[in-house]
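Side-chain atoms are counted along with the backbone in the values below, which use heavy atoms only and exclude waters and symmetry mates. Throughout, a chain's letter reflects where its sequence line sits, starting with A, and its residues are numbered from 1. A quick note: this is a predicted structure, and the numbers were derived from the prediction, not measured.
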Protein chains: 2
Amino acid sequence: MWCLRFALTETATMAVTIKDIARATGKSITTVSRALHDYDDVSAETKQLVQRVAAEMGYTPNLWAQRLQKQRTDTIGLILPTQGPRLGDPFFGQLIAGVGDKAGEHSYDLLVSTQAPDADELAIYKRKVQGRQVDGFIIVRTRRQDLRIDYLRTVDVPFVVFGRTEGDLDYPFVDEDGTAGMEAVVEHLLRLGRRRIACIAPPAELMFAEHRLRGVQNALQRHGYPLEPDLMRRADLTQRGGLRAAQELLALPRRPDAIVACNDLMAFGAMSAAQKLGLVVGQDIAVTGFDDTPWAEHSHPPLTTVHQPIYEIGAMVCDMLIRILQGQTLEQQQILMEPRLVIRQSCGAA
Amino acid sequence: MWCLRFALTETATMAVTIKDIARATGKSITTVSRALHDYDDVSAETKQLVQRVAAEMGYTPNLWAQRLQKQRTDTIGLILPTQGPRLGDPFFGQLIAGVGDKAGEHSYDLLVSTQAPDADELAIYKRKVQGRQVDGFIIVRTRRQDLRIDYLRTVDVPFVVFGRTEGDLDYPFVDEDGTAGMEAVVEHLLRLGRRRIACIAPPAELMFAEHRLRGVQNALQRHGYPLEPDLMRRADLTQRGGLRAAQELLALPRRPDAIVACNDLMAFGAMSAAQKLGLVVGQDIAVTGFDDTPWAEHSHPPLTTVHQPIYEIGAMVCDMLIRILQGQTLEQQQILMEPRLVIRQSCGAA
DNA sequence: ATTGACAACCAAAACGTTTTGGATTATGAT
DNA sequence: ATCATAATCCAAAACGTTTTGGTTGTCAAT
């Protein structure tokens with residue numbers, strides 16, 4: 001027992017293993033392991049002794065050994081769709097913050113990879129699954145038909161999705177109700193007297209594009225002004241794309257009096273396009289967005305948009321996945337968040 | 001040999017191990033392992049056989065077992081300083097993209113955690129180190145005295161830093177030359193005839209705050225207009241902070257004719273503050289930023305700022321760390337990126 | 001004196017790899 | 001025939017844990 005301190009200094013540079021503790025306490029490896037895990041076939045004194053010595057020696061379990069043995073990784077995978085130098089969307093930062101905080105809270109690790117969506121996206125999921133690197137996945141940026149979901153289902157790896165796909169939705173997800181959000185936007189514009197409402201929509205293969213577009217169509221239809229094909233443009237989700245689309249729209253013989261962009265970035269682009277033509281946004285033309293990124297509040301004019309609680313969604317998605325991994329059943333396995341219309345000046349409201 | 005296909009279907013649901021391949025090929029575990037790693041004490045036929053069978057059975061090595069054995073993780077750690085719902089800065093998204101892409105390129109994994117900088121930040125580094133979860137770290141958002149660096153140095157875990165600290169810099173880092181960037185900004189404003197130049201600086205404990213502030217001071221000093229204490233305000237890095245600081249500055253008896261903010265977000269806030277007072281940004285007052293976030297180009301007016309290639313910095317930092325981990329010596333272990341002044345309308349240039 | 005129950009402990013197997021240190025066989029040279 | 005060499009192969013140990021299936025000793029009840 002008194003040689004203990006000696007052993008301590010001696011092994012200080014190397015990693016302390018359970019075996020070292022066994023040697024130091026004179027107990028067996030088994031007993032040490034069980035003492036550390038508070039099994040009840042270890043006497044109180046032994047537990048105390050072992051735990052004290054472990055603390056003194058600065059023992060931390062070797063996670064690979066634990067994981068190898070337990071056949072569990074306590075790690076969740078998040079694969080980000082990047083395009084070149086940028087994350088696919090500015091709000092992915094908030095999403096990561098939400099997921100990361102929640103994962104940390106439950107002492108799960110978060111394994112992040114980046115992957116351009118155009119390349120063989122599935123390959124990276126396969127690698128992580130087959131190398132048994134993660135217990136489950138969080139999937140973001142869904143497409144109408146999403147191979148990732150099909151794949152994870154066939155190999156029976158748990159996952160939770162931020163977003164939805166087309167067709168059967170027999171998997172756990174969190175999504176915002178893009179249709180309702182867009183309906184609110186359009187209703188509001190109609191109430192303000194706008195009639196010639198144009199829409200800049202994201203690429204059709206992205207599922208949320210369809211939800212949001214449908215919202216625009218629904219609201220217009222309902223009030224008897226169905227969306228004219230010429231007033232709908234597709235653009236990638238960037239400002240540049242929004243700018244270009246808006247320029248086309250504003251060059252039409254009968255100019256629209258409102259542009260409803262399906263995300264904030266494209267709305268910023270649309271505002272720039274209008275301003276370059278000398279139009280006053282909020283008067284000559286209304287512009288709206290979706291996402292309520294931090295910049296929306298401070299653009300000029302401030303952007304009317306739809307608020308999405310991305311941080312909370314990240315945390316929820318992560319929480320659901322962890323519950324699933326722990327074998328709990330989810331009280332609610334499909335969650336649709338009600339979005340909130342945020343009225344600022346770009347739509348021309350007082 | 002012909003029972004092979006049978007074995008395949010039988011074990012299809014379970015994970016295929018090296019042992020299964022040994023059984024299927026009739027070779028020993030050792031030989032299979034060596035064949036897969038292309039050792040030259042395995043005959044060509046055997047290699048072929050083993051590799052074919054491994055492919056057929058869909059073998060992927062169990063990474064935990066490999067790592068336990070190899071005492072290496074091929075994983076790098078990145079701990080993000082989050083504050084509440086947001087990543088500390090909007091450009092962290094780009095940083096993650098850069099780091100992630102480079103890590104993937106070299107088949108390293110990226111373990112991401114989030115951590116509020118106020119809490120016991122070191123704890124999470126310790127956990128990852130002691131659990132031997134990562135081979136090395138990327139450190140971001142340095143403070144003047146950075147405990148993380150001290151700690152990693154004492155435990156002898158490799159790391160590369162984005163940013164610098166005060167004092168000795170005997171560690172590998174990449175940073176942008178904030179001083180030079182700010183000097184360029186101020187020189188430009190002076191050239192445009194601005195004389196009463198105010199500065200909104202970040203919290204003093206952040207090292208980059210000092211570099212940038214020093215640039216402002218240097219340039220003003222050099223031209224004989226030293227920075228008046230009253231014209232310098234500290235603010236957190238948010239728009240809201242910038243807005244408040246700018247409001248204070250604009251309420252001064254002798255109003256400044258230029259506000260140099262130390263990042264884009266605060267500059268946006270400053271522009272809002274000026275515009276709320278009916279001032280025309282670019283005429284009545286010049287406003288500049290730093291970072292060249294994607295929004296800078298599309299703000300109204302577009303923001304004059306300093307471009308930082310964050311994606312590239314992320315990739316470089318990651319690349320350097322990987323080289324270190326692989327035992328290579330870096331040709332250049334401290335890199336200072338020359339920033340580039342981006343002149344747009346907010347400073348009042350033609 | 002047995003028996004059974006209980007408390008406290010532990011040896012060995014297992015997780016899936018890689019590496020060490022031979023063992024075996026074939027080939028050619030003497 | 002013998003020996004050295006090279007070409008293949010493999011058993012066993014190791015990495016650090018957890019778990020299985022015990023053993024041992026004590027005490028109380030028969």
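R67(B) forms a cation-pi arrangement with W64(B), by the criterion of a distance under 6.0 Å to the ring centre and an angle within 45° of the ring axis.
Distances shorter than 4.0 Å separate some side-chain N or O of K27(B) from OP1 or OP2 on dC9(D). Contact annotation: S28(A) side-chain N/O to dC9(C) OP1/OP2 distance is not under 4.0 Å. Proximity of Y59(A) to the phosphate of dT17(D): a side-chain N or O atom is located under 4.0 Å from OP1 or OP2. Applying the 4.0 Å criterion to OP1 and OP2 of dT19(C), one finds that Y39(B) has a side-chain N or O inside that range. Between dT18(C) and Q66(B), a contact under 4.0 Å exists linking OP1 or OP2 to a side-chain N or O. Taking only side-chain nitrogens and oxygens, Q71(A) comes nearer than 4.0 Å to OP1 or OP2 of dG16(C).
As judged by a 4.0 angstrom heavy-atom cut-off over every strand, T17(A) is placed among residues touching the sugar-phosphate backbone only. Among the heavy atoms of the strands, none lies under 4.0 Å from L63(B). Among the heavy atoms of the strands lying under 4.0 Å from R34(B) is at least one base atom, whether or not backbone atoms are also near. Base engagement by T30(A) is indicated by at least one non-hydrogen atom pair under 4.0 Å involving a base atom.
The CG atom of N62(B) sits 17 Å away from the P atom of dG16(D) (whole-angstrom rounding). If you measure from atom CZ of R72(A) to atom C1' of dG16(C), you get 18 Å, rounded to the nearest angstrom. What separates NE2 of H37(B) from P of dG16(C) is a distance of 16 Å, to the nearest Å. Between the CG atom of L36(A) and the P atom of dG16(D) there is a distance of 16 Å, given to the nearest Å. Here dT8(D) presents its P atom at 15 Å from CG of L49(B), a figure rounded to the nearest Å. As rounded to whole Å, 13 Å separates atom C1' of dC9(C) from atom CG of D40(A). The CD atom of E45(B) sits 14 Å away from the P atom of dA26(C) (whole-angstrom rounding). Atom CH2 in W64(B) sits roughly 16 Å away from atom P in dT18(C) (whole-Å rounding).
Projected onto DNA chain C by closest heavy-atom contact, D41(B) and T60(B) fall at different nucleotides, the more 5' of which corresponds to T60(B). Closest-nucleotide positions on DNA chain D for K70(A) and A44(B) were compared, and the one nearer the 5' end corresponds to A44(B).
Ion pairing of R148(A) with D150(A) is absent here, as no side-chain N (NZ or NE/NH1/NH2) approaches a carboxylate O to less than 4.0 Å.
For Y125(B) and F137(B), the gap between ring centers is short of 6.0 Å.
Among the nucleotides dT19(D), dC10(D), dT18(C), the one closest to any side-chain atom of I29(B) is dT18(C). For Q69(B), taking side-chain heavy atoms from C-beta onward, the closest of the listed nucleotides dT17(C), dT18(D), dC10(D) is dT17(C). Distance from the side chain of L68(A) is smallest to dG16(C) among dG16(C), dT19(D), dC10(C). You'll find that the side chain of S43(B) is closest to dC9(D), out of dC9(D), dT18(C), dC15(C).
Only one option out of I124(A), I138(A), I139(A), V140(A) pairs with I79(A) in a side chain to side chain contact (heavy atoms under 4.5 Å, CB included); it is I124(A).
By the 4.5 Å heavy-atom criterion applied to side chains, R153(B) and D170(B) are counted as neighbours.
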Report the C-alpha distance between R34(B) and D40(B) in whole Å, list the side-chain angles of each, state the deciding distance to 0.1 Å, and finish with yes or no for salt bridge (charged side-chain N to carboxylate O under 4.0 Å, His left out). CA-CA 8 Å; R34(B) 312 201 71 140; D40(B) 52 10; over 6 Å; no
